[in-house]
Amino acid sequence: MLRYLKKLESRDLSLTTSMIPLGSCTMKLNSTAEMFPISWPEISKLHPFAPAEQATGYKKICEQLEDWLAEITGFAAISLQPNAGSQGEFAGLLAIREYHASRGEAHRNACLIPTSAHGTNPASAVMAGFKVVSVACLKDGDIDLADLRAKADQHADDLAALMVTYPSTHGVFEPTIREICDIVHAHGGQVFMDGANMNAQCGLCRPGDYGADVCHLNLHKTFCIPHGGGGPGVGPIGVAKHLAPYLPREFILDPTTGKIVFGEGERGKRPPHGNGSAPRHGGGKGGNVAAAPYGSASILTITWMYIQMMGADGLKRASEIAILNANYIAKRLDPYFPVLFKGKHGLVAHECIIDLRQWKSAGIEVEDVAKRLMDYGFHAPTVSWPVAGTMMIEPTESEPKHELDRFCDAMISIHAEMKAIANGKQDRQNNLLKNAPHTARQIGSDKWDRAYSREQAAFPAPWTREHKFWPAVARIDNVYGDRNLFCSCPPGEEFES
Ligand SMILES: *Cc1c(COP(=O)(O)O)cnc(C)c1O
């Protein structure tokens with residue numbers, strides 16, 4: 001079993017090998033110390049419906065974490081229940097829906113969403129029963145304020161919410177964020193902040209301060225829970241005082257009847273956070289989004305450890321370094337791959353989008369660069385989102401300068417390979433990029449019919465000679481794979497016999 005697991009692990013490129021510069025997804029260090037508690041039976045073996053008196057330690061961990069997240073986001077109440085960012089969006093929108101209904105405005109169902117939004121935003125809005133109204137973005141990536149105003153006017157009677165990401169999905173701190181929130185409020189709507197980019201804000205600014213009414217966090221992005229391979233996530237939401245009653249409801253399993261009871265439990269009675277007058281915890285009348293009161297409770301300890309070890313100053317420092325690192329990469333790569341969006345002062349937030357669309361004429365797609373990075377031992381950045389044909393790079397604060405340089409060196413070296421294709425020195429089809437990634441089997445084969453050497457293919461940078469990560473498979477047809485699902489387990493009939 002151990003060998004089998006190790007074999008699978010060795011096929012996976014993780015942070016133990018190199019940085020994973022996946023923009024928007026914040027792949028930062030999951031330190032071993034943060035991971036310790038989930039291996040303790042006190043944490044990992046407790047049933048979600050264990051009697052409250054057997055879970056007092058857990059309760060304390062959850063309450064402290066709620067307090068810390070409330071402080072970080074500037075909100076009055078937190079619910080730890082949602083199991084993903086998208087579920088947090090859903091829970092937040094349900095809270096907004098209930099809030100409108102409580103004021104006799106249940107007809108408010110228009111949800112403004114900028115075209116740059118993450119795909120989960122419109123999906124959550126539809127699930128929460130809203131109709132999506134898209135808002136245009138300007139050429140520079142910012143939300144088109146004129147269009148926002150027009151759409152808000154047009155929907156003044158039925159405006160429910162705006163879903164907005166800050167810093168924007170274009171990797172820039174939009175200076176108009178307060179104005180954006182004001183416009184929505186003036187038209188009777190609520191502001192849902194997509195908090196996936198909280199790694200640029202922790203300790204520097206708070207959604208609760210600049211106009212958001214509810215915000216989700218991705219603990220599996222900003223707060224160190226590992227999420228490679230789609231592992232479990234936590235997407236808590238923070239809400240302003242007026243939305244606190246509509247957070248997911250508190251519920252327990254009644255030990256005598258075995259039934260789930262909803263209630264204004266003890267947590268709901270705790271004193272308010274800061275100067276608010278709402279209970280600072282979930283325990284509202286809103287909809288539940290998970291079958292366990294605290295969602296994925298055990299992994300909350302990872303975030304608890306992170307915040308505890310970092311402290312307030314450490315979290316602020318992390319945001320600063322994350323932004324600094326992104327700007328360092330943006331500056332180094334800009335002469336080779338133009339940075340698509342920058343703020344007024346030529347800076348980016350905690351991630352940057354580089355433009356590769358101009359290489360299309362040479363037959364080079366952004367995917368070719370992504371695959372070629374594997375030969376250099378790197379995981380590709382986010383590809384073609386939020387703009388097709390670009391890469392979104394997010395280094396995070398976890399990476400030291402030499403690792404940022406190693407990544408930039410790889411990209412610059414690939415740039416030279418691209419130039420060789422563009423000016424005809426390399427074949428347009430049979431080249432280093434189109435054939436990437438190269439596997440050990442190909443490189444070790446007796447047959448080699450490529451217009452470049454094996455060394456160029458598999459050892460293009462000095463560090464690959466010191467430690468080579470071998471991709472397990474060569475180029476696959478992504479589109480074909482997405483459209484044709486195969487089950488790798490034996491067919492049902494086999495079990496029947
Ligand atoms: C990751 C992400 C989400 C969704 O979070 P999940 O945990 O993947 O559901 C939403 N918005 C943005 C901008 C994101 O990056």
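Counting starts at 1 for both ligands and their atoms, in listed order.
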Electrostatic pair [X]:[Y] at N-O distance under 4.0 angstrom:
X: Asp477; Y: Arg483; answer: no
X: Asp313; Y: Arg317; answer: no
X: Asp140; Y: Lys344; answer: no

ask   = What about Tyr58 and Tyr294, are their ring centers closer than 6.0 Å?
value = no

Contacts of type salt bridge (Lys or Arg N to Asp or Glu O under 4.0 Å), residue Lys331, not counting sequence neighbours =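 In terms of salt bridge (Lys or Arg N to Asp or Glu O under 4.0 Å), with neighbours along the sequence ignored, Lys331 is linked to no residue.
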
message = Counting C-beta onward and ignoring hydrogens, is there a side-chain heavy-atom pair between Glu394 and Lys221 closer than 4.5 Å?
response = no

Close N/O pairs between ligand 1 and protein, under 3.5 Å:
{"from": "ligand 1", "atom 1": "5 (O)", "to": "Asn218", "atom 2": "ND2", "distance (Å)": "3.0"}
{"from": "ligand 1", "atom 1": "7 (O)", "to": "Gly85", "atom 2": "N", "distance (Å)": "2.8"}
{"from": "ligand 1", "atom 1": "7 (O)", "to": "Asn218", "atom 2": "ND2", "distance (Å)": "3.1"}
{"from": "ligand 1", "atom 1": "7 (O)", "to": "His220", "atom 2": "NE2", "distance (Å)": "2.6"}
{"from": "ligand 1", "atom 1": "9 (O)", "to": "Gly85", "atom 2": "N", "distance (Å)": "3.4"}
{"from": "ligand 1", "atom 1": "9 (O)", "to": "Ser86", "atom 2": "N", "distance (Å)": "2.8"}
{"from": "ligand 1", "atom 1": "9 (O)", "to": "Ser86", "atom 2": "OG", "distance (Å)": "2.8"}
{"from": "ligand 1", "atom 1": "11 (N)", "to": "Asp194", "atom 2": "OD1", "distance (Å)": "3.2"}
{"from": "ligand 1", "atom 1": "11 (N)", "to": "Asp194", "atom 2": "OD2", "distance (Å)": "2.5"}
{"from": "ligand 1", "atom 1": "15 (O)", "to": "Ser24", "atom 2": "O", "distance (Å)": "3.2"}
{"from": "ligand 1", "atom 1": "15 (O)", "to": "Ser24", "atom 2": "OG", "distance (Å)": "2.6"}
{"from": "ligand 1", "atom 1": "15 (O)", "to": "Lys221", "atom 2": "NZ", "distance (Å)": "2.7"}

